[in-house]
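Here the structure comes first, spelled out in structure tokens, and everything after it is commentary.
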Number of protein chains: 2
Amino acid sequence: MAETAAKPGTSDAVAADLELAIHEHRLPPGTKLGEDEIAEAYSTSRTTIRAALQALAHRRLVELKRNRGAFVAQPSVREAREVFEARAMLEPRTARSAAERMTPESVALLQAHIDAEHAALDAGESGRALYLSGHFHIEIARIADQTTIEAFVSELVSRSSLIIALYWHRRAALCDSQAHHALMQAFIDKDGDLAEELMKNHLLDLVASLDLRNRTSIPTSLREALGR
Amino acid sequence: MAETAAKPGTSDAVAADLELAIHEHRLPPGTKLGEDEIAEAYSTSRTTIRAALQALAHRRLVELKRNRGAFVAQPSVREAREVFEARAMLEPRTARSAAERMTPESVALLQAHIDAEHAALDAGESGRALYLSGHFHIEIARIADQTTIEAFVSELVSRSSLIIALYWHRRAALCDSQAHHALMQAFIDKDGDLAEELMKNHLLDLVASLDLRNRTSIPTSLREALGR
DNA sequence: TGTAACAAAGTTGTATACAAAATTGGATGC
DNA sequence: GCATCCAATTTTGTATACAACTTTGTTACA
């Protein structure tokens with residue numbers, strides 16, 4: 001929904017495409033993003049790719065190692081906690097604001113999001129479902145008419161996708177479609193209090209579904225992953 | 001304080017330098033940032049400058065107009081409100097967290113900041129004082145040990161500097177050194193409740209010192225500025 | 001005199017070429 | 001056989017050249 005289409009071949013378009021791939025877990029954390037390789041894939045020059053990678057680096061979705069190259073970011077346990085703490089500060093109040101400003105059109109938009117998410121799940125496209133699930137949160141910020149916060153939430157949601165890729169634990173589960181449904185009701189009723197409370201709990205549930213036990217910093221380096 | 005020094009000539013160094021200049025109001029909102037001009041000033045190529053300008057564009061400190069060039073951003077009234085709403089969501093709770101984690105070293109660091117700010121004011125370097133005053137807020141996030149939120153606050157503080165340049169109204173006034181002093185006492189006492197409350201009020205005072213009456217959108221275009 | 005079309009200058013967008021750094025593979029010495 | 005050093009390869013960092021677009025200044029025409 002609302003796939004923002006930029007003129008193809010521009011750094012914006014490439015960045016959006018790469019971000020989507022990362023968000024849908026087609027590019028797992030740690031993947032090396034070689035400039036030549038990507039440039040060829042999009043049939044453009046490295047100049048364009050570099051701009052795209054820098055943009056993604058600014059959103060902390062890729063890590064730029066000097067003279068080493070770009071890699072899909074691998075948030076540490078600590079970074080994971082910070083991301084959800086930031087979300088806890090921003091999203092509940094934003095959900096309240098959105099609920100208070102909710103219009104029938106906005107409700108329809110969100111409902112379409114949820115439907116698309118279910119359709120993706122049924123089709124076995126779990127990556128796409130995850131992406132849509134994240135964008136549900138971004139859409140709420142947009143409805144709250146807070147573009148600045150929307151930008152922050154957008155970054156946090158994308159980073160959350162990386163965190164889920166690394167630390168997701170509780171398999172299966174009802175995911176969070178239940179939580180989104182409950183939020184929808186609060187939105188329909190324009191119940192700001194309820195929306196804020198539900199969002200707060202929803203984020204807590206998300207964190208609870210992660211395995212954030214300290215495994216001595218990051219699994220970035222092979223050395224640690226192999227324990228020697 | 002903590003002028004993060006990057007290897008000179010790199011895009012990071014140029015970006016930091018430009019951001020400082022913008023923050024200190026040496027480059028007022030709307031200033032055209034020609035690539036050739038800057039490249040010559042830093043005796044480097046346009047490639048490096050473009051990367052720096054893109055980084056600043058990500059932080060919304062400069063606006064990149066396609067085929068037109070880069071300009072120091074001119075936040076709209078609406079954007080100004082949004083920035084301070086976001087700060088209100090993030091900073092009070094961060095101040096609480098910082099107060100609870102305060103150490104003698106942190107207190108000394110913040111005090112040094114305030115002293116430097118006063119020294120700059122006495123020396124008539126109001127731009128530098130403004131910069132230091134903003135960094136006081138960033139330092140609090142750092143003490144709270146929240147790098148993710150610190151990054152957001154850093155962006156918001158820099159944007160606030162642009163907003164102040166455009167909409168500052170209440171001349172003179174005690175600025176906010178008073179507010180920072182009060183916060184210091186809360187920090188020394190490790191009084192989280194008080195710190196949160198003081199920060200909240202401090203931000204409200206800041207907004208109140210701005211003239212955010214709707215002058216039909218932005219003063220960006222000459223047409224509107226001239227009212228025809 | 002005012003408008004419109006056109007031409008020229010300047011600036012940004014993109015690609016390519018070259019330089020520097022890091023990794024990898026092999027060779028040499030212990 | 002193992003470690004270390006050195007060379008070759010690959011990849012990124014930077015500069016420059018060219019193309020495309022926007023703006024501005026001029027000229028022709030109504």
Side-chain angles (χ1 to χ4, degrees), chain A residues 4-18 22 27 30-74 220-226 228, chain B residues 4-18 22 27 30-74 220-226 228:
Chain A
T4 47
K7 208 176 353 178
T10 65
S11 66
D12 284 346
V14 174
D17 207 48
L18 286 176
I22 293 173
L27 290 175
T31 306
K32 171 78 185 288
L33 301 172
E35 297 181 355
D36 273 322
E37 198 177 356
I38 304 176
E40 194 169 0
Y42 289 94
S43 55
T44 179
S45 75
R46 278 178 52 219
T47 309
T48 305
I49 301 308
R50 282 180 76 80
L53 290 176
Q54 280 174 354
L56 293 176
H58 190 264
R59 308 196 74 194
R60 315 248 187 193
L61 290 181
V62 315
E63 197 178 345
L64 248 40
K65 301 185 181 178
R66 186 173 179 88
N67 287 317
R68 296 283 312 280
F71 302 81
V72 177
Q74 304 187 99
T220 300
S221 72
L222 264 254
R223 188 168 302 173
E224 295 187 34
L226 300 175
R228 57 182 63 194
Chain B
T4 47
K7 211 186 333 189
T10 65
S11 66
D12 284 348
V14 174
D17 206 49
L18 286 176
I22 292 172
L27 289 174
T31 306
K32 170 78 183 287
L33 300 173
E35 298 182 355
D36 274 322
E37 198 178 356
I38 304 177
E40 194 168 0
Y42 289 94
S43 56
T44 180
S45 76
R46 278 178 52 220
T47 309
T48 305
I49 302 307
R50 282 179 76 79
L53 290 175
Q54 281 172 358
L56 293 176
H58 287 140
R59 311 197 75 197
R60 315 249 187 193
L61 291 180
V62 316
E63 196 178 346
L64 248 41
K65 301 186 180 177
R66 187 174 177 86
N67 288 317
R68 298 281 312 281
F71 302 82
V72 177
Q74 303 186 92
T220 301
S221 73
L222 264 254
R223 188 169 301 171
E224 296 186 33
L226 300 174
R228 58 180 64 195

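When side chains are defined from C-beta on, A/Ile22 counts as touching A/Val62, because their heavy atoms get closer than 4.5 Å.
Taking the screw axis at each terminus of the helix from C/dT1-D/dA30 to C/dC30-D/dG1 from five consecutive base pairs, the angle between the two is 0° to within rounding of 10 degrees.
For the atom pair CG of A/Leu33 and CD1 of A/Ile38, the computed distance is 4.5 Å after rounding to the nearest 0.5 Å. Within the model, atoms NZ of B/Lys65 and NZ of B/Lys32 stand 10.0 Å from one another, a figure rounded to the nearest 0.5 Å.
What separates CD of B/Glu40 from P of D/dA15 is a distance of 14 Å, to the nearest Å. The CD-P distance, from A/Glu35 to C/dA15, rounds to 14 Å in whole Å. A straight line from CZ of A/Phe71 to P of D/dT11 spans 11 Å, rounded to a whole angstrom.
Closest of all the heavy-atom pairs between A/Gly30 and A/Gln74 is N-CG, 3.5 Å.
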Report, one pair per line, the protein and nucleotides 22-24 of chain D atoms (nitrogen or oxygen only) whose separation is under 3.5 Å.
residue : atom : partner : partner atom : Å
D/dT23  : OP1  : B/Arg68 : NE           : 2.9
D/dT23  : OP1  : B/Arg68 : NH1          : 3.0

Under 3.5 Å, N/O pairs linking protein and nucleotides 6-8 of chain D:
none

Listing time: all N or O pairs from protein to nucleotides 5-8 of chain C that are below 3.5 Å?
none

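OP1 or OP2 of D/dA15 has at least one side-chain nitrogen or oxygen of B/Thr44 nearer than 4.0 Å.
Residues from residues 46-55 of chain B that place a heavy atom under 4.0 Å from any atom of DNA chain C, listed by number: B/Arg46, B/Arg50.
If A/Ser45 and B/Lys32 are placed on DNA chain C by their nearest nucleotide, the residue sitting closer to the 5' end is B/Lys32.
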* Asked: B/Arg59 and A/His58: side chain to side chain contact (heavy atoms under 4.5 Å, CB included), yes or no, with the steps?
  -> CA-CA 9 Å; B/Arg59 311 197 75 197; A/His58 190 264; 3.6 Å; yes
Show me the donor-acceptor pairs within less than 3.5 Å that the side chains of residues 47-57 of chain A make with the rest of the protein, sequence neighbours left out.
residue : atom : partner : partner atom : Å
A/Thr48 : OG1  : A/Thr44 : OG1          : 3.2
A/Arg50 : NH1  : A/Glu35 : OE1          : 3.4
A/Arg50 : NH1  : A/Glu35 : OE2          : 2.7

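With sequence neighbours left out, the side chain to side chain donor-acceptor pair (under 3.5 Å) criterion links A/Asp12 to no other residue.
Pairs passing the ring pair (Phe, Tyr, Trp, His ring centres under 6.0 Å) check and including a residue from residues 32-57 of chain A, sequence neighbours excluded, do not occur.
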